[in-house]
Visitor: 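If you scroll down you'll find the structure; I have some questions about it.
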Amino acid sequence: GAVVSQHPSRVICKSGTSVKIECRSLDFQATTMFWYRQFPKQSLMLMATSNEGSKATYEQGVEKDKFLINHASLTLSTLTVTSAHPEDSSFYICSASSAGGAFEETQYFGPGTRLLVL
Amino acid sequence: AQSVAQPEDQVNVAEGNPLTVKCTYSVSGNPYLFWYVQYPNRGLQFLLKYITGDNLVKGSYGFEAEFNKSQTSFHLKKPSALVSDSALYFCAVTINNAGNMLTFGGGTRLMVKP
């Protein structure tokens, strides 16, 4: 149980284009989803927290207009990197948690998406 | 504010020997503590957690961790290391349930040599 998937696993795009990353909880309903960014050999940096049906809460320094987050259902959240630039190249990881039930209290992570902007 | 410290960037251990990966935390309130493992180019896999109850927590793949409130520590241990345990390990803390954000330590790379 507690499986979280991400798609795509790897994406290469040209500078100026937008990229959408999907995060799905496969076997539980995720009341909260989190988006992280990880630079090489570094820890995870929380970008934003989203609750189903609500606007995402962004961490300080994260541009909400650049990193659009949608949490339209209890099993799907999307992160769209708009007008991507080379400095947006990174490893993006989502996680999901559920209030109540067998998966309470724990964040379960997706496999990550590596974005390379040329 | 909550924080997590993993004082060792890397831990080297020979296969078959016991391993310890250290973690200390700072929170105002009762901590919820977690260990995750990350393999190259992958997301984090949940290993174990401490919420309440017995201070010794057993998790996946033979790992365990001991919550020590007086030392504010939550060290990860395994009696006999495997080469396949080589990975990046993260300790994390929150003071509420999973609806709230985790604070991660900087990570410790575990290298198990044959």
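Here is how names work: the chains are called A, B, and so on, in the same order as the sequence lines, proteins then strands, and each is numbered from 1.
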Visitor: Given that the side chain runs from C-beta out, which part of B:Leu44 has a heavy atom under 4.5 Å from chain A: side chain, backbone, both or neither?
Guide: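 Both the backbone and the side chain of B:Leu44 come within 4.5 Å of chain A.
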
Visitor: Hey, what do you get for CG (B:Leu88) to CD (A:Gln42), rounding to the nearest 0.5 Å?
Guide: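 These two atoms lie 11.5 Å from each other.
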
Visitor: Relative to chain B, which segment of A:Gln6 carries a heavy atom at a distance below 4.5 Å: side chain, backbone, both, or neither?
Guide: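 A:Gln6 has no heavy atom closer than 4.5 Å to chain B.
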
Visitor: About how many Å separate OG of A:Ser95 and CG of B:Leu102, when rounded to the nearest 0.5 Å?
Guide: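 These two atoms lie 7.0 Å from each other.
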
Visitor: Is it the case that over 12 heavy atoms from other parts of the model lie below 6.0 angstrom from the NE2 atom of A:His85?
Guide: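 Result for NE2/A:His85: enclosed.
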
Visitor: When clusters are formed by joining ILVMFWY residues with side-chain heavy atoms under 4.5 Å apart, either directly or through shared neighbours, do B:Leu82 and B:Leu48 land in the same one?
Guide: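 Per the 4.5 Å side-chain linkage, B:Leu82 and B:Leu48 are not co-clustered.
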
Visitor: Give a yes or no on this: more than 12 heavy atoms of other residues, nucleotides or ligands lie within 6.0 Å of atom NZ of A:Lys66.
Guide: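 Yes, enclosed.
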
Visitor: Ignoring hydrogens and angles, tell me if any N or O in the side chain of A:Ser43 forms a donor-acceptor pair with the backbone of B:Gly105 under 3.5 Å.
Guide: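 Confirmed, A:Ser43 side chain pairs with B:Gly105 backbone.
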
Visitor: Would you say A:Met47 ends up clustered with A:Tyr108 if hydrophobic residues are merged whenever their side chains have heavy atoms under 4.5 Å apart, either directly or through other cluster members?
Guide: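 No, it is not one cluster - the side chains of A:Tyr108 and A:Met47 are not joined through contacts under 4.5 Å.
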
Visitor: Would a single hydrophobic cluster contain both A:Tyr58 and A:Leu79, if residues Ile, Leu, Val, Met, Phe, Trp and Tyr are joined by side-chain heavy-atom contacts under 4.5 Å?
Guide: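 Yes, A:Leu79 connects to A:Tyr58 through the hydrophobic network.
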
Visitor: Quick one, A:Gln107 and B:Tyr36 - any side-chain contact, counting heavy atoms below 4.5 Å?
Guide: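 SC-SC contact between A:Gln107 and B:Tyr36 confirmed.
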
Visitor: At what distance, to the nearest 0.5 angstrom, does CZ of B:Phe90 lie from CG of A:Leu44?
Guide: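 Taking CZ in B:Phe90 and CG in A:Leu44, the distance rounds to 5.5 Å.
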
Visitor: Rounded to the nearest 0.5 Å, what separation is found between the CD1 atom of A:Ile93 and the CD atom of B:Gln38?
Guide: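 Answer for the CD1-CD pair, A:Ile93 versus B:Gln38, is 5.0 Å.
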
Visitor: Side chains of B:Phe46 and A:Phe109: does their closest heavy-atom pair fall under 4.5 Å?
Guide: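 When only atoms from C-beta onward are counted, A:Phe109 and B:Phe46 do not touch, as no gap falls below 4.5 Å.
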
Visitor: Might you confirm whether atom CZ of A:Arg114 has over 12 heavy atoms from other residues, nucleotides or ligands at distances under 6.0 Å?
Guide: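 Yes - once you tally the heavy atoms of other residues, nucleotides and ligands closer than 6.0 Å, there are more than 12.
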
Visitor: So for atom OH, which belongs to B:Tyr61, do other residues, nucleotides or ligands contribute more than 12 heavy atoms lying within a distance under 6.0 Å?
Guide: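 Not more than 12 within 6.0 Å, no.
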
